[in-house]
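Report on one structure; see the data block that follows.
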Amino acid sequence: MNVPYKVASAGALAVSGIIANQIVDKGWKAVTGHESPQGQDEDNTAIAELLVFAVVSGILVSLARRYALRGTKKFFGNSI
């Protein structure tokens, strides 16, 4: 078990998730002109808007996680 790699991976995943969330929030506001439906009262938000937001944020978070883990593996090289 490579503890430094696991710690670095967890940190990279956390940071990438935070950054992806910020990008989605700012991008959503830039495109739609209002705050993202995340954390709002979902009763006042159209289901189509919630679905589009979920798909866009899911894709971006998945990509961020993938490249964060890839970067961590590359940094640690063959030691993992």
With side chains defined as the heavy atoms from C-beta onward, is the minimum distance between Val7 and Ser9 less than 4.5 Å?
no
Which atom pairs, donor and acceptor, lie under 3.5 Å between side-chain atoms of residues 15-23 and protein residues at least two apart or in another chain?
{"from": "Ser16", "atom 1": "OG", "to": "Ala12", "atom 2": "O", "distance (Å)": "3.1"}
{"from": "Ser16", "atom 1": "OG", "to": "Leu13", "atom 2": "O", "distance (Å)": "3.0"}
{"from": "Asn21", "atom 1": "OD1", "to": "Gln38", "atom 2": "NE2", "distance (Å)": "3.3"}

query: Is there a path of hydrophobic side-chain contacts, each under 4.5 Å between heavy atoms of I, L, V, M, F, W or Y residues, that connects Tyr5 with Phe75?
result: yes
Show which side-chain atoms of residues 56-71 pair as donor or acceptor with protein atoms under 3.5 Å away, not counting sequence neighbours.
{"from": "Ser57", "atom 1": "OG", "to": "Phe53", "atom 2": "O", "distance (Å)": "2.9"}
{"from": "Ser57", "atom 1": "OG", "to": "Ala54", "atom 2": "O", "distance (Å)": "3.3"}
{"from": "Ser62", "atom 1": "OG", "to": "Gly58", "atom 2": "O", "distance (Å)": "2.9"}

For Lys26, the salt bridge (charged side-chain N to carboxylate O under 4.0 Å, His left out) test, sequence neighbours excluded, returns none
The side-chain contact (heavy atoms from CB on, under 4.5 Å) partners of Thr32 (sequence neighbours excluded) come to Trp28, His34
